[in-house]
Visitor: 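Pasting a structure below so you can have a look.
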Protein chains: 2
Amino acid sequence: MVSKVEHRDRTGCPIACALDIIGDHWTLLIIRNLMFLGLHEYKEMLETEEQISSNILTIRLKMLQQAGLIASASHPESKRRKLYYLTPTGKDLVHVMVPLVLWSRRNLREHLRIPNDIDHLLETDPQAFLQETLQRLSDWEDNNLKSLV
Amino acid sequence: MVSKVEHRDRTGCPIACALDIIGDHWTLLIIRNLMFLGLHEYKEMLETEEQISSNILTIRLKMLQQAGLIASASHPESKRRKLYYLTPTGKDLVHVMVPLVLWSRRNLREHLRIPNDIDHLLETDPQAFLQETLQRLSDWEDNNLKSLV
DNA sequence: GAATAATACTTCTATTATAGAAGTAAGTTA
DNA sequence: TAACTTACTTCTATAATAGAAGTATTATTC
């Protein structure tokens with residue numbers, strides 16, 4: 001069905017088309033890194049617990065840029081560093097990612113290690129968690145991309 | 001990271017743990033078949049547009065049963081047929097699947113072919129679409145699993 | 001009641017993707 | 001200017017997938 005890593009149109013089904021982009025072992029972890037963990041650099045993503053291979057990380061970052069979910073900019077502090085960040089389309093996945101976290105929390109409880117404060121917020125006010133996430137991304141953009149100043 | 005198709009605990013991250021189950025090209029399509037398309041048999045799933053291989057379908061159905069997202073029962077009309085259906089954990093994914101459909105609708109518009117009536121409902125009242133989906137699943141169970149009668 | 005067909009798999013092989021190790025090129029620091 | 005960092009690239013072995021073909025059980029047709 002899907003040959004090569006590249007995104008191909010499948011069948012017009014909204015689930016199938018979404019999976020052409022995010023339906024593999026690594027892509028949503030990269031989205032997670034950018035959305036929840038504040039990891040915006042190649043090197044940081046290489047160092048996460050899940051231990052992605054450098055070649056796979058490169059391929060996925062390129063694919064996500066082509067698909068329009070992420071973009072990159074050069075690091076203000078160094079030309080050899082690069083910053084990756086979510087585009088509006090990528091950020092819009094927050095409405096899928098937060099429900100996925102909530103599903104895991106309800107159904108895979110025993111396997112999870114969620115920081116207490118976040119777990120409590122997910123329990124009491126998941127919408128607030130979503131809004132905080134978007135606010136954090138917006139703040140990061142203000143601090144790191146508006147280098148026009 | 002993930003060797004073999006089997007689910008392995010990863011890191012305690014709710015996204016990573018969820019991806020150990022649903023993070024591949026095919027698994028969410030099987031969930032879609034059961035949740036939205038009313039396909040409950042092996043043969044029906046082989047015949048979808050996406051053309052899954054029979055060996056992969058078998059492996060995924062077994063994995064999903066072990067993970068507790070689906071279950072199976074023998075078909076009331078024939079011993080050689082088998083019915084697959086979503087467990088409560090599987091049905092709970094409706095809260096991820098509907099947002100994923102909505103994300104696709106907002107961001108991949110040009111690639112999609114969504115039936116007009118459903119598209120309109122997604123536009124005007126997505127919560128109603130979600131409730132209708134759950135009701136349909138419940139009705140199906142009443143008609144097909146309560147063969148105690 | 002024997003031959004045919006349908007259903008849910010299983011097996012096999014070729015192709016493709018991934019993991020892991022090692023290297024490279026450009027920019028930075030000591 | 002020598003060592004180091006960062007973001008890749010390349011290579012090879014292993015694992016997963018696609019596609020074709022087969023099997024076992026149950027049902028249907030003649």
Side-chain angles (χ1 to χ4, degrees), chain A residues 1-8 10-11 16 19-30 33-34 39-66 70-85 144, chain B residues 1-8 10-11 16 19-30 33-34 39-66 70-85 144:
Chain A
M1 163 187 81
V2 177
S3 66
K4 305 288 166 63
V5 172
E6 291 142 35
H7 168 42
R8 270 209 262 157
R10 213 179 317 207
T11 62
L19 290 177
D20 279 342
I21 302 175
I22 60 163
D24 76 283
H25 296 298
W26 290 113
T27 302
L28 279 188
L29 287 180
I30 293 173
N33 292 343
L34 293 166
L39 307 180
H40 293 270
E41 293 185 52
Y42 186 87
K43 197 199 169 212
E44 294 175 316
M45 299 201 200
L46 274 185
E47 289 167 350
T48 57
E49 284 184 305
E50 292 87 9
Q51 308 242 59
I52 189 170
S53 289
S54 59
N55 52 355
I56 305 297
L57 179 55
T58 299
I59 290 168
R60 288 298 184 283
L61 287 170
K62 277 184 186 156
M63 181 275 288
L64 281 169
Q65 284 178 279
Q66 286 199 322
I70 70 173
S72 63
S74 71
H75 196 289
E77 288 176 15
S78 165
K79 278 186 186 170
R80 78 182 166 204
R81 292 163 75 184
K82 219 167 170 180
L83 290 173
Y84 292 96
Y85 59 95
N144 292 276
Chain B
M1 163 187 83
V2 177
S3 66
K4 305 289 166 62
V5 172
E6 293 142 34
H7 167 43
R8 271 208 263 158
R10 213 179 316 205
T11 62
L19 290 177
D20 279 342
I21 302 175
I22 61 164
D24 75 282
H25 297 297
W26 291 112
T27 302
L28 279 187
L29 286 179
I30 294 174
N33 292 343
L34 294 166
L39 307 180
H40 291 270
E41 294 186 51
Y42 186 89
K43 196 199 169 213
E44 295 175 316
M45 298 201 202
L46 273 185
E47 290 166 351
T48 58
E49 284 183 305
E50 292 88 8
Q51 308 242 60
I52 189 170
S53 288
S54 60
N55 51 357
I56 305 295
L57 179 55
T58 300
I59 289 169
R60 288 297 184 285
L61 287 170
K62 279 185 184 154
M63 181 275 287
L64 281 169
Q65 285 178 277
Q66 287 199 323
I70 71 174
S72 63
S74 72
H75 196 289
E77 288 176 16
S78 166
K79 280 186 185 170
R80 78 183 167 203
R81 292 164 74 186
K82 218 168 170 179
L83 290 173
Y84 292 95
Y85 59 95
N144 293 276

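Computation of the quantities below employed the complete heavy-atom set of this structure, encompassing side-chain atoms and omitting hydrogens, waters and symmetry-equivalent molecules. Chain naming here is simple, since letters A, B, ... match the order of the sequence lines and numbering starts at 1 in each.
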Visitor: Would you say C:dT10 has OP1 or OP2 under 4.0 Å from some side-chain N or O of B:K62?
Guide: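 True: B:K62 side-chain N/O within range (under 4.0 Å) of C:dT10 OP1/OP2.
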
Visitor: Ignoring backbone atoms, test whether B:R60 places a side-chain nitrogen or oxygen under 4.0 Å from the OP1 or OP2 oxygen of D:dT17.
Guide: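 Indeed, a polar side-chain atom of B:R60 lies that close.
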
Visitor: Hey, does A:L64 have a side-chain heavy atom less than 4.5 Å from the side chain of A:I30?
Guide: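 Result yes, sub-4.5 Å side-chain heavy-atom pair found.
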
Visitor: Starting from P on C:dT15, measure out to NE2 on B:H25 and report it in whole angstrom.
Guide: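 To the nearest whole Å, that distance equals 19 Å.
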
Visitor: Expressed in angstrom and rounded to an integer, what is the separation of A:K82 atom NZ from C:dG27 atom P?
Guide: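 Taking NZ of A:K82 and P of C:dG27, I get 13 Å after rounding.
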
Visitor: Whole angstrom is fine here: how far is it from NE2 in B:H40 over to C1' in C:dT7?
Guide: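 It works out to 17 Å between those atoms.
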
Visitor: Return the polar atom pairs (N/O with N/O) between nucleotides 21-24 of chain C and the protein under 3.5 Å, or none.
Guide:
none

Visitor: Just how far, in rounded Å, is C1' of D:dT6 from CG of A:L39?
Guide: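 The distance from CG of A:L39 to C1' of D:dT6 comes to 16 Å, rounded to the nearest Å.
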
Visitor: Is there a side-chain polar atom (N or O) of A:K43 under 4.0 Å from OP1 or OP2 of D:dA7?
Guide: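 Indeed not, no polar side-chain atom of A:K43 lies that close.
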
Visitor: Could you tell me whether A:K82 and A:E41 make a salt bridge, using a distance below 4.0 angstrom between a side-chain N and a carboxylate O?
Guide: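 Judged by the 4.0 Å cut-off on N to carboxylate O distance, A:K82 and A:E41 do not form a salt bridge.
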
Visitor: Residues in salt bridge (Lys or Arg N to Asp or Glu O under 4.0 Å) with A:E49, at least two apart?
Guide: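 A:E49 satisfies salt bridge (Lys or Arg N to Asp or Glu O under 4.0 Å) with A:R113 once adjacent residues are dropped.
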
Visitor: To the nearest Å, give me how far apart OH (A:Y42) and P (D:dT9) are.
Guide: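 Going from A:Y42 (OH) to D:dT9 (P), I get 8 Å.
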
Visitor: Using distance alone, with no hydrogens and no angle criterion, decide if B:T58 and B:Y42 have a side-chain donor and acceptor under 3.5 Å apart.
Guide: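 Yes, a side-chain donor-acceptor pair sits under 3.5 Å.
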
Visitor: Do B:L19 and A:D24 pass the side chain to side chain contact (heavy atoms under 4.5 Å, CB included) test, and can you show the C-alpha distance, the side-chain angles, and the key distance before you say yes or no?
Guide: CA-CA 8 Å; B:L19 290 177; A:D24 76 283; over 6 Å; no

Visitor: Check this one for me: any side-chain N or O of B:Y84 less than 4.0 Å away from OP1 or OP2 of C:dT7?
Guide: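 For C:dT7, neither OP1 nor OP2 has a side-chain N or O of B:Y84 closer than 4.0 Å.
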
Visitor: Find every protein N or O atom lying less than 3.5 Å from an N or O atom of nucleotides 26-30 of chain D, and list the pairs.
Guide:
unit_1: D:dT26; atom_1: O2; unit_2: B:R80; atom_2: NH1; d: 2.9
unit_1: D:dA27; atom_1: OP1; unit_2: B:K79; atom_2: N; d: 2.9
unit_1: D:dA27; atom_1: O4'; unit_2: B:R80; atom_2: NH1; d: 3.1

Visitor: Could you tell me how far apart A:Q51 (CD) and C:dT18 (C1') are, to the nearest whole angstrom?
Guide: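 Taking CD of A:Q51 and C1' of C:dT18, I get 14 Å after rounding.
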
Visitor: Take A:L29 and A:T48 through the side chain to side chain contact (heavy atoms under 4.5 Å, CB included) test and state the conclusion after the steps.
Guide: CA-CA 10 Å; A:L29 287 180; A:T48 57; over 6 Å; no

Visitor: Taking for each residue the nucleotide of DNA chain C bearing the nearest heavy atom, is the 5' side occupied by B:L46 or by A:D24?
Guide: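 Closest to the 5' end, via its nearest nucleotide, is B:L46.
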
Visitor: Please step through side chain to side chain contact (heavy atoms under 4.5 Å, CB included) for the pair A:T27 and A:M63, ending with a clear verdict.
Guide: CA-CA 9 Å; A:T27 302; A:M63 181 275 288; 3.6 Å; yes

Visitor: Please state how far atom CD in A:E47 lies from atom C1' in D:dT5, giving the value in whole angstrom units.
Guide: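 Result: 12 Å.
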
Visitor: Please step through side chain to side chain contact (heavy atoms under 4.5 Å, CB included) for the pair A:H40 and A:N144, ending with a clear verdict.
Guide: CA-CA 10 Å; A:H40 293 270; A:N144 292 276; over 6 Å; no

Visitor: Reading DNA chain D from 5' onward, which residue's closest nucleotide shows up sooner: A:R81 or A:T58?
Guide: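 Whichever sits nearer the 5' end wins; that is A:R81.
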
Visitor: So do the side chains of B:L46 and B:S54 get within less than 4.5 Å of each other, counting heavy atoms only?
Guide: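 Result yes, sub-4.5 Å side-chain heavy-atom pair found.
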
Visitor: CD1 of A:I56 versus P of D:dC11: gap in Å, rounded?
Guide: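 These atoms are roughly 16 Å apart.
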
